[in-house]
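Some notes on the structure that comes next.
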Amino acid sequence: MEFEPVIGLEVHVQLKTKSKLFCSCSTKFGAPPNSQICPICTGQPGVLPVLNKEAIHYALKLALAVGAKVNRLSIMARKHYFYPDLPKNYQISQYELPIAEGGAIEIEVNGSTKLINLTRIHLEEDAGKLVHDEKKPYSYVDFNRTGIPLLEIVSKPEIHSPEEAVAYLKTLRSIVRYLGICDGNMEEGSLRCDANVSVRPKGSSSLGVKVELKNMNSFKHVERALAFEIKRQTALLLEGKTPVQETRLYDEATQTTHPMRGKEEAHDYCYFPDPDLIEVRVSEDWIEKIREELPELPSAKKARFIKEYGLSSYEAGILVEEKPLADFFEDTVRLYAKPKAVANFILTEVLRYLNRDNISIEQTQLKPEFLAELLSLVDDGTISITIAKQQVFPEVYEKGLPPKRVVEERGLKQESSEELLRKLCEEVIKENPSEVEKYRSGKKGVLGFFVGQVMKKTGGKANPKLVNQILTELLEG
Amino acid sequence: MGISIDEVKKIAHLAKLELPEKVAQTYTEELSKILDYFASLKEVDTDNVQPTFHPFTWDTPMREDEVKPFEDIQAILANAPELLENMIVVPKVVKAP
């Protein structure tokens with residue numbers, strides 16, 4: 001019997017507001033423990049939470065970007081549970097009437113696109129951070145993260161493979177980064193993902209027993225955790241058993257999942273509307289204003305790049321993943337009107353350096369005018385593409401110097417003087433009589449050796465086309 | 001009866017409260033009276049009435065996104081029985097595996 005996995009994802013997106021959701025404490029990452037706390041986020045008696053307008057603004061941006069229906073009136077609710085990372089013993093979240101419902105995210109897997117529908121988007125506050133002692137029976141609580149705004153995005157169970165799950169996450173991450181509402185860093189926890197996974201016989205429309213997966217801190221973890229869980233549940237079903245409905249944690253060390261022990265078995269969050277917070281009303285004007293401000297989103301930009309610049313779907317897909325890189329590409333094309341050449345250079349050279357240093361384009365000293373100038377220098381024969389890639393670009397990238405200056409200062413100008421090159425070619429031929437023999441006896445491939453020798457004498461600067469031409473002429477003659 | 005003793009015990013358990021049997025009995029009786037009183041609201045036909053989430057009808061007050069550090073963090077931390085490097089020490093919370 002063939003089985004098919006059914007996956008729904010719950011993604012928590014940490015909003016990039018300066019202050020927390022209900023108080024004016026800073027949200028800066030990496031501050032000393034408990035240095036960004038106040039009576040409100042630590043749940044002291046008698047305090048009142050006041051909603052951060054920017055957090056609502058960000059939530060509306062995402063809602064509109066994914067085509068969700070904004071609830072003009074939404075309700076903040078208390079979700080009750082006891083855990084040391086939650087000082088009030090309830091988390092302010094949303095239950096009935098979340099900020100938005102519905103919407104969808106379009107993903108692309110193996111060249112075909114698919115729409116993943118969303119159930120809801122709701123706003124809530126983050127909990128604190130717990131550090132567990134390895135040796136002593138203690139845990140340590142840091143409340144700096146307590147109260148930072150989160151958006152929870154719940155997908156419908158319409159994802160059917162680990163690859164689709166990763167594509168969904170990457171697309172969502174790209175969208176929140178385009179909107180500038182979250183930095184999307186999974187390792188630092190600003191984008192977190194839980195998954196509901198079940199397996200059912202292929203073609204069946206009912207859902208199997210679902211398992212909730214937690215503790216996946218990168219796209220790789222998500223992919224591996226889901227693959228393992230699908231295999232585990234399928235094996236159980238084949239043995240005639242049923243998976244247990246439970247929460248399981250992913251363990252990267254063994255790349256397996258384990259049941260999470262010690263959790264309250266009798267789950268009952270006793271949600272009710274938070275009496276400290278009045279109904280959240282969003283005006284039509286506000287929604288319209290945000291709609292007008294929405295940037296071009298990755299999928300629209302990709303389609304435009306393919307149409308406007310004649311790029312392949314693959315090239316456009318990589319260029320639009322990060323907005324700064326897409327902007328860099330377009331700014332360069334504005335100065336140097338050969339989009340294919342620009343895309344090529346970015347996808348090979350530029351990305352090689354960015355990946356090596358694990359940074360994004362705006363953290364470098366590269367400028368669109370530098371790349372345009374570099375490619376022009378290749379076009380007008382001042383330097384070869386090899387010199388451009390191997391000698392000029394690294395300098396431009398590392399030091400932020402204009403390519404022209406690098407070429408001049410390091411004397412990298414291509415040698416195109418026929419007189420000089422002819423002299424060098426003659427030298428090389430004279431110095432290697434046995435190779436000349438080989439060539440003349442029919443081994444035409446030896447030509448490459450001669451070209452290499454001339455390059456060596458010129459420090460790689462000889463115009464390769466010209467050298468080829470002269471050598472052929474001399475050797476044939 | 002509005003609430004059973006088992007429900008009272010379950011709520012006490014969720015709220016991490018220890019209730020001696022006798023106290024649980026008392027609360028069951030008292031809570032039942034309150035709940036029975038509120039149950040009379042069920043007689044009202046609310047089919048076409050929007051739920052009231054809050055008695056006030058004005059807009060939610062919102063603040064601008066500005067950072068204002070709280071000055072007396074030490075006073076908050078002074079409530080903790082024990083600190084380690086400014087973190088609050090609690091009994092180990094075991095999260096498997």
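Model, not experiment: these values are computed from the prediction. Values reported hereafter were calculated over all heavy atoms of this structure, with side chains retained and with hydrogens, waters and symmetry mates removed. Throughout, a chain's letter reflects where its sequence line sits, starting with A, and its residues are numbered from 1.
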Is the closest side-chain heavy-atom distance between [X] and [Y] below 4.5 Å?
X	Y	value
A/Tyr140	B/Val89	yes
B/Pro91	A/Tyr138	no
A/Cys25	B/Val67	no
A/Lys18	B/Glu66	no
B/Phe53	A/Glu96	yes
B/Ile76	A/Gln44	yes

For [X] and [Y], which heavy atoms make the closest approach, and how far apart are they?
X	Y	answer
B/His54	A/Pro275	NE2-O, 2.8 Å
B/Ile73	A/Gln36	CD1-N, 4.4 Å
B/Ile88	A/Phe143	CD1-CE1, 3.5 Å
B/Pro61	A/Ile278	CD-CD1, 4.2 Å

Let's test your reading of the structure: which of [options] forms the most heavy-atom pairs below 4.5 Å with chain B?
options	result
A/Lys129, A/Lys20, A/Met76, A/Lys28	A/Lys20
A/Leu51, A/Val131, A/Ile56	A/Leu51
A/Thr42, A/Asp142, A/Leu277, A/Val50	A/Val50

Given that the side chain runs from C-beta out, which part of [X] has a heavy atom under 4.5 Å from chain B: side chain, backbone, both or neither?
X	value
A/Ser35	backbone
A/Pro32	neither
A/Leu21	backbone
A/Leu97	side chain
A/Pro33	both

Side chain from CB out, backbone as N, CA, C, O: work out which of these in B/Leu77 comes under 4.5 Å of a heavy atom of chain A, or both, or neither.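 Side chain only.
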Is it the side chain or the backbone of B/Asp72 that comes within 4.5 Å of chain A heavy atoms, both, or neither?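 It is neither, since no heavy atom gets under 4.5 Å.
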Tell me, yes or no, whether the heavy-atom count around [X] atom [atom1], taken from other residues, nucleotides or ligands under 6.0 Å, exceeds 12.
X	atom1	result
B/Glu18	CD	no
A/Tyr95	OH	no
A/Lys53	NZ	no
B/Asp47	CG	yes

A/Cys23 SG to B/Phe70 CZ distance, which is reported to the nearest 0.5 Å: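 Output value for this atom pair is 10.5 Å.
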Measuring from atom OG of A/Ser19 to atom CD of B/Glu64, what distance do you get when rounded to the nearest 0.5 angstrom?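 These two atoms lie 9.5 Å from each other.
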Backbone of [Y] reached by a side-chain donor or acceptor of [X] within 3.5 Å:
X	Y	value
A/Arg281	B/Thr60	no
B/Asp65	A/Thr17	no
B/Lys92	A/Asp133	yes

Which is it for A/Val280 and B/Met62 under the side chain to side chain contact (heavy atoms under 4.5 Å, CB included) test, yes or no, and what are the steps along the way? CA-CA 9 Å; A/Val280 180; B/Met62 293 191 204; 4.2 Å; yes
